[in-house]
Protein chains: 2
Amino acid sequence: MATIYQVSELAGVSLATVSRVMNNNTKVSDKTRAKVLQAMEELGYRPNAIAQSLASNRTNSVGVLVSELDGPFFGQVMEGIENELRLANKHVIITSGHSEEEKEKQCIEFLISRRCDALILQVDSVSDEYLLQLSTTIPTVLINRKVDAMAEFCTSLDNEQGGYLATKALIDKGHKSIAYIGGPDWKADSHERFVGHQRALTESGIEFNDALYFQGNFKETDGRDGFRQLMSTSIRFTGLACGNDEMASGAMKAARACGLVLPNDLSVVGFDNVTFARYLYPELTTIDNSAFSMGKTAAEIILKSVYKVEDIDIQNVFEPKLIDRNSIEFTPELK
Amino acid sequence: MATIYQVSELAGVSLATVSRVMNNNTKVSDKTRAKVLQAMEELGYRPNAIAQSLASNRTNSVGVLVSELDGPFFGQVMEGIENELRLANKHVIITSGHSEEEKEKQCIEFLISRRCDALILQVDSVSDEYLLQLSTTIPTVLINRKVDAMAEFCTSLDNEQGGYLATKALIDKGHKSIAYIGGPDWKADSHERFVGHQRALTESGIEFNDALYFQGNFKETDGRDGFRQLMSTSIRFTGLACGNDEMASGAMKAARACGLVLPNDLSVVGFDNVTFARYLYPELTTIDNSAFSMGKTAAEIILKSVYKVEDIDIQNVFEPKLIDRNSIEFTPELK
DNA sequence: TTGTAGGCGTTATCAC
DNA sequence: GTGATAACGCCTACAA
């Protein structure tokens with residue numbers, strides 16, 4: 001593979017000059033530039049990014065760590081990141097930590113030794129303090145997580161508002177007895193969604209009933225288990241809000257298994273607007289989590305703060321919105 | 001960030017020795033090794049992968065190009081690749097080409113200039129010749145595609161057999177009038193699936209009827225359109241095989257919209273066993289495409305051929321298998 | 001077993 | 001404008 005040296009020889013100029021035309025840095029006469037370009041063309045020259053990195057102390061790469069590569073959420077985030085970064089000629093190194101603290105830390109070490117210019121992390125296992133400490137070593141932006149001391153480097157959703165909107169959608173269709181299957185309460189996002197749910201209830205004068213609440217772990221099976229548990233009490237409900245779409249899907253299956261017809265007998269609302277939400281039957285009404293936007297924004301934050309690209313407006317917190325599909329029906333008479 | 005030089009100073013040895021303990025290369029006395037390790041620890045030394053690459057002419061990175069980052073197929077492939085490679089301490093640089101020839105070529109250029117040690121490509125737009133040519137420049141392995149001249153560097157599924165199995169599953173439940181919604185016939189995989197479909201028919205003495213065939217483009221909307229078109233003819237069918245799961249989903253929705261009850265009035269079988277297949281209603285019976293395995297295998301091929309890892313058995317062609325769920329019912333009497 | 005020194009392909013700082 | 005030349009941080013013969 002041709003090097004800058006061979007190009008300089010063929011063009012009859014010095015190394016430095018070749019380097020200059022590559023980087024459009026200092027002014028180079030048009031004539032010289034043409035000669036160099038010509039030589040590059042002839043040799044099929046491709047700059048060696050590695051050597052550039054070593055010399056310039058810039059790798060033009062950003063490391064990404066996500067929990068799962070094949071989760072429905074991740075793909076959208078990734079797409080948002082990659083699109084944005086590629087336009088700026090940066091590249092993405094990707095790892096996944098599977099929500100295990102040790103693995104996550106290992107991945108981060110790995111990315112650092114690769115001399116990434118910055119990190120984009122979507123992690124739950126690692127502590128706020130660790131992240132804060134890390135961010136003093138290398139520019140770090142967080143996906144779907146908010147650490148106050150580094151707020152400008154976080155992207156997140158207003159989960160409380162999302163939880164509110166979801167339940168509100170049910171209430172607006174006349175539902176008064178509404179169950180909730182949530183994620184783990186120690187996770188900030190699921191906790192907030194749950195709080196939003198309660199706010200919607202309160203606002204409409206509906207009393208929160210603990211028997212209508214089930215805490216799951218965001219898996220489809222938790223939706224199923226939650227639904228069964230909810231049904232096992234004597235309290236009837238016509239609406240069901242879920243902490244995410246997976247659990248909604250599980251609950252819907254379980255409901256049908258109980259002989260319910262959806263959405264007539266039970267209205268369901270999810271959260272995240274994951275890709276498969278519109279493949280469900282009935283198509284799931286849910287809350288858009290703007291995964292793509294978060295990925296895009298994370299990339300923009302880095303473009304702006306690390307690569308000094310101007311004219312970028314950053315929006316750190318996203319407003320959830322209701323994606324209205326077919327899983328909510330007007331409430332039937334309570335039987 | 002500490003360099004090898006500082007480590008050598010603190011440890012009171014030479015650069016070379018430090019380098020040696022890092023690479024476990026030549027023998028180093030235990031005493032020296034301990035001193036060096038100690039010094040590294042103290043300084044929080046992290047090897048600079050960039051400098052290592054430049055010096056050793058090895059980046060330990062493999063470039064991956066896929067069509068879409070957020071497709072349901074991709075995540076699994078990616079997970080297979082990353083898992084395998086990370087264990088070997090290689091890393092993954094990722095790009096997406098969106099099925100546009102120009103973009104795909106750009107991505108490849110990009111990965112090459114990044115001096116990846118090898119490439120893993122999942123592409124349709126680019127020609128066999130181009131890939132063949134490319135593989136003379138850099139080790140290249142193909143996902144879900146077979147180019148004869150580089151067969152050992154391809155991973156693929158026996159699509160014909162898959163198409164056969166899908167339709168066979170329908171036939172086994174008594175269906176005799178079976179429609180087919182396929183992908184574009186110029187794509188090798190969808191063509192083969194279609195051929196398999198026809199083989200199953202022929203084998204059972206069922207004549208292929210062109211009016212029961214619709215050619216789509218693998219999108220959900222094509223499934224919908226295909227179903228409508230199929231219904232618009234006067235020929236009735238009780239079974240429907242689709243070229244992929246997306247189209248199956250579209251067709252199922254369209255069928256319900258026509259008032260059919262699934263799977264009683266219509267049995268459907270998909271292809272790919274995409275993540276959301278089990279979220280569909282009824283849960284989709286389909287053909288497993290072993291996306292994860294293909295990714296894993298692609299990584300193994302590279303580990304073996306580029307990084308000289310021993311003891312790896314490679315299986316280039318995967319056998320499809322039926323994932324039996326709930327979307328196929330025994331045939332009703334033809335009305 | 002350990003040290004010396006040249007090289008990997010660029011960038012960047014000087015001079016001219 | 002252009003050309004030497006010293007970094008950048010590490011690897012690897014070759015010597016010792």
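Protein chains get the first letters and strands the later ones, always in sequence-line order, with residue 1 at the start of each.
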| Contacts of type side-chain contact (heavy atoms from CB on, under 4.5 Å), residue Q38(A), not counting sequence neighbours | E42(A)

| Without hydrogens or angle criteria, can the side chains of S67(A) and Q122(A) be said to hold a donor-acceptor pair below 3.5 Å? |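 A pair is found: one side chain offers a donor N or O, the other an acceptor, under 3.5 Å apart.
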
| request: Would you check if there is a donor-acceptor pair between the side chains of T3(A) and N48(A) at a distance under 3.5 Å? | output: no

| task | Would you mind telling me which residue lines up with the more 5' stretch of DNA chain C, T17(B) or R115(B), judged by nearest nucleotide? | result | T17(B)

Indicate yes or no for a side-chain donor-acceptor contact from [X] to the backbone of [Y] under 3.5 Å, with no hydrogens or angles considered.
{"X": "S96(B)", "Y": "L69(B)", "result": "no"}
{"X": "K103(A)", "Y": "H98(A)", "result": "no"}
{"X": "T155(A)", "Y": "V317(A)", "result": "no"}
{"X": "S53(B)", "Y": "R58(B)", "result": "yes"}

| message | Using a 4.0 Å cut-off to any heavy atom of chain A, which nucleotides of DNA chain D are the first and last in contact, reading 5' to 3'? | response |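 The contacted stretch runs from dG1(D) to dG9(D).
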
| said: Holding to ring-ring contact (aromatic ring centres under 6.0 Å, His included), I want the full list of residues that pass it with F110(A), two or more places apart in sequence or in another chain. | reply: H91(B)

Given atom [atom1] of [X] and atom [atom2] of [N], what is their separation to the nearest angstrom?
{"X": "M22(A)", "N": "dA12(C)", "atom1": "CE", "atom2": "P", "answer": "11 Å"}
{"X": "L15(A)", "N": "dA12(C)", "atom1": "CG", "atom2": "P", "answer": "14 Å"}
{"X": "N60(A)", "N": "dT11(C)", "atom1": "CG", "atom2": "P", "answer": "11 Å"}
{"X": "E9(B)", "N": "dG3(C)", "atom1": "CD", "atom2": "C1'", "answer": "15 Å"}

| Is it true that D128(A) and R145(A) have a side-chain N and a carboxylate O under 4.0 angstrom from each other? | yes

| task | Decide, yes or no, whether a salt bridge links K105(B) with E101(B) under the criterion of side-chain N to carboxylate O below 4.0 Å. | result | yes

| request: Work out which heavy atom in A151(B) is nearest to a heavy atom in N316(B); give both atom names and the distance. | output: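 Nearest heavy atoms, A151(B) then N316(B): O-OD1, 3.8 Å.
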
| request: Write down the atom of C116(B), the atom of I93(B), and the distance for their closest heavy-atom approach. | output: SG-CD1, 4.2 Å

| message | Can you give me the bend angle of the helix from dT1(C)-dA16(D) to dC16(C)-dG1(D)? Use the axis through the first five pairs and the one through the last five, nearest 10 degrees. | response | 40°

| field | Residues from residues 42-57 of chain B lying under 4.0 Å of DNA chain D - heavy atoms | value | Y45(B), P47(B), N48(B), A51(B), Q52(B), A55(B)

Sort me out a list of protein N/O and nucleotides 13-16 of chain C N/O pairs below 3.5 Å, or just none if empty.
none

| field | Side chain proximity check, S135(B) to F153(B), heavy atoms < 4.5 angstrom | value | no

| task | Under 4.0 Å between any heavy atoms, over every strand shown, what does S29(A) touch: base, sugar-phosphate, or nothing? Just pick one. | result |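 Sugar-phosphate: the residue S29(A), judged by heavy atoms under 4.0 Å, touches backbone atoms but no base.
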
| request: Would you indicate what V18(B) reaches in the nucleic acid, counting non-hydrogen atoms under 4.0 angstrom: base, sugar-phosphate, or nothing? | output: nothing

| OP1, OP2 of dG9(C) versus side-chain N and O of T3(A): anything below 4.0 Å? | no

